[in-house]
Protein chains: 2
Amino acid sequence: MGIDGLDGRLIVLLAREPRIGVLEASRRLGVARGTVQARLDRLQSNGVIRGFGPQVDPAALGYPVTAFATLEIKQGQGADVRAHLGGVPEVLELHTTTGHGDMLCRLVARSNADLQRVIDKVVGFEGIVRASTAIVMENPVPLRVIPLVEQAAQEG
Amino acid sequence: MGIDGLDGRLIVLLAREPRIGVLEASRRLGVARGTVQARLDRLQSNGVIRGFGPQVDPAALGYPVTAFATLEIKQGQGADVRAHLGGVPEVLELHTTTGHGDMLCRLVARSNADLQRVIDKVVGFEGIVRASTAIVMENPVPLRVIPLVEQAAQEG
DNA sequence: GCCACGGCTGGGCAATGTGTACAGCACATC
DNA sequence: GATGTGCTGTACACATTGCCCAGCCGTGGC
């Protein structure tokens, strides 16, 4: 289930320099090309690596404002709310959670003013009782997995 | 600054089938290979596409539990807290926000029991006054950008 | 009306990487 | 001692890449 040191080094290498191919990776790692290919195939069928899709920056697309909204949902309306939020492009992510709120979603908007429009679109739905929003000011740690991969590789 | 329809179709295509190369993409989009290459270069130097790194699933790495923690920070301790959290592998993401808390971070753990260890590691730092954690139960909308790309492409 | 410019096309070229297969070898398991 | 698994090193045909160029077309400036 876990990953070993070679898997970890491979993932980190690919994360740092995604453009290199299997051959170059095998050179860097000091193993045979077939090995890298086999590891990659395994990591992908394992689900450890979901894919190599392009990482798009919403800010560069014209959506520089990010916010997190905690939503409180009317009992039994969960499915409807999920479907509704799934249809809003500015909702980048949605989780159902324990705790004070019932759901947490990540939003983006073109500006602080535009955020109001997005929030209206999000909460303008009968199943949502209350929403509290936190606007992101700074992002000291952007979404990352490499430290986790390194830790998992050492233990595994 | 924005992207046009072709950019949008290219990004969506790459997101759906990352393995295809420039040549195959140009065939699918019905444009010349040089065009796809030029668009890709531009999108990457624009910063719209940050890269093509592997998308790693923490759950498959042995960290199936995700949580969001809202942190309250002692005045003037922001920089120290950022550095501290940056050193914790289980902190996948950290934002400073407006609202009730001062920071919001995404955590992963090996189990609910292990989450306690992670939280202790996170909040075991003098600069942090209080932390409230919400455990993720379900993830109806995984992190996505394609709908946003499509919207940006239509408008741009 | 004319011209320069930027973007797209379609072609060609050498160099490189890919997919796939194979035999040999080390290591752990039974 | 036999078996299975994973890694190595090699080979080959094929597709793709990076790069170059000439030509075409629409926009905008002169």
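Every chain is numbered from 1 and lettered A, B, ... according to where its sequence line falls, protein lines coming before strand lines. Note that these values count all heavy atoms, side chains included, but never hydrogens, waters or copies made by symmetry.
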Can you tell me if the side-chain N/O atoms of B/Thr35 get under 4.0 Å from OP1 or OP2 in C/dT9?
yes

Regarding A/Gln116 and A/Asp120, do their side chains bring together a donor and an acceptor under 3.5 Å, going by distance alone?
yes

Would you mind reading off the distance between B/Arg28 atom CZ and D/dT16 atom P, rounded to a whole angstrom?
11 Å

Salt bridge check, A/Asp114 against A/Arg117: does any charged N sit closer than 4.0 Å to a carboxylate O?
yes

Assign A/Glu24 to base, sugar-phosphate, or nothing according to its heavy-atom contacts below 4.0 angstrom with the strands shown.
nothing

Heavy atoms under 4.0 Å, any strand shown: does B/Arg27 hit a base, just sugar-phosphate, or nothing?
sugar-phosphate

Whole-Å distance, B/Arg42 CZ to C/dC8 C1', equals 13 Å

Are B/Leu40 and B/Leu14 close enough that some pair of their side-chain heavy atoms sits under 4.5 Å apart?
yes

Give a yes or no on whether a donor-acceptor pair under 3.5 Å exists between the nucleobase atoms of D/dT17, that is its base, and the side chain of A/Arg19.
no

Do A/Arg39 side-chain and D/dG6 base share a donor-acceptor contact under 3.5 Å?
no

Whole-Å distance between C/dC8 P and B/Leu29 CG?
12 Å

Between C/dC8 (P) and B/Arg9 (CZ): distance, integer Å
12 Å

Identify whether the distance between the nearest side-chain nitrogen and carboxylate oxygen of B/Asp4 and B/Arg39 falls below 4.0 Å.
yes

Taking the cut-offs as 6.0 angstrom to the six-membered ring centre and 45 degrees off its axis, would you call B/Arg106 and B/Phe68 a cation-pi pair?
no

Between C/dG19, D/dG18, D/dT8, which one does the side chain of A/Ala32 approach most closely?
D/dT8

Between atom CD in A/Glu17 and atom P in C/dG17, what is the gap in whole Å?
14 Å

Does A/Gln37 make a side-chain N or O approach to OP1 or OP2 of C/dT18 shorter than 4.0 Å?
no

Separation of A/Leu10 atom CG from D/dC7 atom P, in whole Å?
12 Å

Taking D/dT17, C/dT18, C/dT9 as options, the one with an atom nearest any side-chain atom of B/Val22 is D/dT17

I need the CD1-P distance between A/Ile20 and C/dT16, as an integer number of Å.
17 Å

C/dT9, C/dG12, C/dT18: which one has an atom nearest the side-chain heavy atoms of B/Arg33?
C/dG12

Grab the CG-P distance between B/Asp41 and C/dG7 for me, whole Å please.
13 Å

